[in-house]
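First comes the structure, then the notes that go with it.
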Number of protein chains: 2
Amino acid sequence: MSRIVPGAFSSDDDAQMRQAERDVTHAFEGQAFDFAALLAVSNVFRAATAVRNHMEREVLSPHQLSWSAFVVLFVLRVWGKQESHQLAREAGITGGTLTGVLTTLERRGFAKRAAHPTDGRRVIVSPTAKGRRTVDQIMPVFNHHEALVTADLSPTDRRELARLLRTVLRTLDTDGQDVD
Amino acid sequence: MSRIVPGAFSSDDDAQMRQAERDVTHAFEGQAFDFAALLAVSNVFRAATAVRNHMEREVLSPHQLSWSAFVVLFVLRVWGKQESHQLAREAGITGGTLTGVLTTLERRGFAKRAAHPTDGRRVIVSPTAKGRRTVDQIMPVFNHHEALVTADLSPTDRRELARLLRTVLRTLDTDGQDVD
DNA sequence: ACACTATCGTTCGGTCCCGAACGACTTCCG
DNA sequence: CGGAAGTCGTTCGGGACCGAACGATAGTGT
C-alpha cells in the first residue's frame, strides 16, 4: 500500500498520510519543508499516470492508439488542419515527438501531411475521413471513461479541480517563457 | 496558444474555454458530453507533463536523473530498504520498468540489489550512502520548485488539489482491481 | 516425493518522449 | 542579389514505460 497515496482501505487515509508526513519531515529534519506542495505535485503526477494507463488499456488499446496519438487526432478532428508546431503545442508534446506520432498516424491512414503553400519549411497536417470517423467512434467511450474516473467528484469538484490545475499550468507557462 | 488550456493571456481564459467548449460540443453534437470531465482529465495530464518536464529540466537534469529514478531514490531514502514489488508500487511504475530504472541507479552507484534471506525469487533494494547523499542534496531544491509551481495556489488550494486527486486515484484503484 | 499452481524479478518488443544536432528553407540586411 | 542569421520539421541517442512472455523459485495437495 502506498504511503503517500492511499490504497484501497480509505478509512486509514488520514493516518497513513500523517505518518508519511512525519516520515518525510523527519528524513529531512532541520529544513523547512512544504509538504502540501509535495503532496499536490506528487498526486498530480500519480493521477495522470493512472488515468493515462486506464484510458490506454480500456479505451485506446483496441484501436492500437497511444494517448498522444489520440490527443493529436482529437485536436485535428475538432479544430481541423493546422501547422505542425501549433498541433504539437496543442497536444502538449515537442516537435520531435510529434514527428514520430504523425508518422504512425500517417502510416495507419488517420492523418496526412501537406506542404505549406508559400513556406517550404512548414507542414500542414490534416485528418483523413478515416481519422475523423475513428475519433467519432472512440470519443463517446473515451468521454464516458473520463466521467467514470471522476465519478466520485461532484460537478463542482470537477470544475474546481480543473481550475486549480489551470492555475498551476499558467504558473509554469508564464515563468517558463520568462522575459522575451 | 492552447485552446483547452489557457496560454499567457489569462484575461482571455474564460472566453477561450467557452469557445473550446462550443467547438467540442459542436464537433460531437447530438451526443451527451461531459465537458467538465474532459477538462478535469485533460488538465490533470497536461499539468503532470508540464510539472515533470519542469522538474527534469530545472532540478534533475544536472544530476542526470529522470523523474522516475529520483522518485525511486526518494522512496529508498525516506523508507529505507525494501522489496522490489513494494518499491515499484510506491514509485508508481510497473515491475518491468523498475528493473530498468534500478539498473541505471545501480550502475551509477545510487542503489544496490541484495538477495532475500529466505525467498530466492525476491530482491531487496537498498540505497547506498551516495544515493542518500544525493537525495539530501536534491530534495531541498526539488521541494522549493514544488512550492514554486504551486505558488499561485493558497495553502488551502494545495490541500484541496491533493484531496481531489486522491479521490480520482482511489476511484481508479478500487474499480481497477475489481472483485477478487 | 512430486506434479501443479502461484508468485517473484527479468527480458523483450514496441512505442513514447525529450533535447540536441541537423539540413532545408526563409528572412534580413548590406 | 547574396551571405548571415533565424526558423522550420526531422533525425538521432538514450532513457522510460507498458504488457506479455519467460525462467526461476516457492508453496500446495496428494
Side-chain angles (χ1 to χ4, degrees), chain A residues 45-46 48-58 60-72 82-89 91-108 111-125 176 180, chain B residues 45-46 48-58 60-73 82-89 91-108 110-125 176 180:
Chain A
F45 187 68
R46 283 162 177 280
T49 305
V51 169
R52 179 185 176 139
N53 290 347
H54 176 86
M55 290 302 188
E56 290 192 336
R57 246 198 329 266
E58 306 294 326
L60 267 18
S61 81
H63 300 270
Q64 302 213 64
L65 282 171
S66 70
W67 175 281
S68 291
F70 177 69
V71 170
V72 167
Q82 56 198 287
E83 300 187 14
S84 87
H85 64 103
Q86 184 179 3
L87 184 55
R89 152 128 56 170
I93 58 182
T94 63
T97 301
L98 181 62
T99 295
V101 171
L102 230 43
T103 303
T104 305
L105 247 29
E106 214 168 18
R107 173 167 39 85
R108 310 221 8 235
K112 56 180 187 295
R113 284 181 246 231
H116 189 280
T118 66
D119 192 332
R121 297 166 302 182
R122 306 189 193 180
V123 169
I124 309 283
V125 184
D180 292 340
Chain B
F45 187 69
R46 282 163 177 282
T49 304
V51 168
R52 178 185 177 138
N53 289 347
H54 176 85
M55 290 301 188
E56 290 192 335
R57 249 198 324 268
E58 305 294 325
L60 267 18
S61 81
H63 300 269
Q64 300 214 65
L65 282 170
S66 70
W67 174 282
S68 291
F70 177 69
V71 170
V72 167
L73 209 49
Q82 55 197 290
E83 299 187 15
S84 90
H85 64 103
Q86 185 181 2
L87 184 54
R89 152 121 63 163
I93 57 180
T94 63
T97 301
L98 181 62
T99 296
V101 172
L102 230 43
T103 302
T104 304
L105 248 27
E106 216 169 15
R107 173 166 41 84
R108 311 222 5 237
F110 291 139
K112 56 181 188 293
R113 287 180 244 233
H116 188 281
T118 66
D119 192 331
R121 297 166 301 182
R122 305 190 195 182
V123 168
I124 309 285
V125 183
D180 293 338

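So you know, we letter chains A, B, ... as the sequences are listed, proteins then strands, and number each from 1. Hydrogens, waters and symmetry mates are skipped; everything else that's a heavy atom, side chains included, is used. On a predicted model such as this, the values are computed, not experimentally measured, just so you know.
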Between [atom2] of [N] and [atom1] of [X], the distance in whole Å:
X: A/Phe45; N: D/dA16; atom1: CZ; atom2: P; result: 12 Å
X: B/Ile93; N: D/dG19; atom1: CD1; atom2: P; result: 13 Å
X: A/Asp119; N: D/dG6; atom1: CG; atom2: C1'; result: 12 Å
X: A/Arg46; N: D/dC17; atom1: CZ; atom2: P; result: 12 Å
X: A/Glu56; N: D/dG19; atom1: CD; atom2: P; result: 8 Å
X: B/His116; N: C/dT7; atom1: NE2; atom2: C1'; result: 13 Å
X: A/Arg52; N: D/dC18; atom1: CZ; atom2: C1'; result: 10 Å

Measuring from the side chain of [X] (C-beta onward, heavy atoms only), which nucleotide among [options] has the closest atom?
X: B/His85; options: D/dA26, C/dG9, D/dC8; value: C/dG9
X: B/Thr104; options: C/dC16, D/dA16, D/dC18; value: D/dA16
X: A/Ser84; options: C/dC16, D/dG19, D/dG9; value: D/dG9
X: A/Ser68; options: C/dC18, D/dG9, C/dC16; value: C/dC16
X: A/Ser66; options: D/dC18, D/dA16, C/dC16; value: C/dC16

**Report entry** B/Thr94 side chain near D/dC18 phosphate (N/O to OP1/OP2, under 4.0 Å)
**Finding:** yes
Report task. Ignoring backbone atoms, establish whether B/Arg122 has a side-chain N or O less than 4.0 Å from OP1 or OP2 of D/dT25. Result -> no
Requested in this report: Hey, which sits more toward the 5' end of DNA chain D by its nearest nucleotide, A/Val123 or B/Arg121?
Outcome: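 The residue closer to the strand's 5' end, by nearest nucleotide, is A/Val123.
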Query - Closest-nucleotide ordering on DNA chain D, the 5'-leading residue of A/Asn53 and A/Glu83 - result: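 Result of the comparison: A/Glu83.
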Requested in this report: Just call it for A/Thr99: base, sugar-phosphate, or nothing, with non-hydrogen atoms closer than 4.0 Å on any strand.
Outcome: base
Query raised in the report: Got B/Thr103 and B/Arg113 here, is their nearest side-chain heavy-atom distance under 4.5 Å?
Result: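 Contact flag for B/Thr103/B/Arg113 side chains = yes.
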Query raised in the report: Would you say the side chain of A/Ser84 lies within less than 4.5 Å of the side chain of A/Leu98, judging by non-hydrogen atoms?
Result: yes
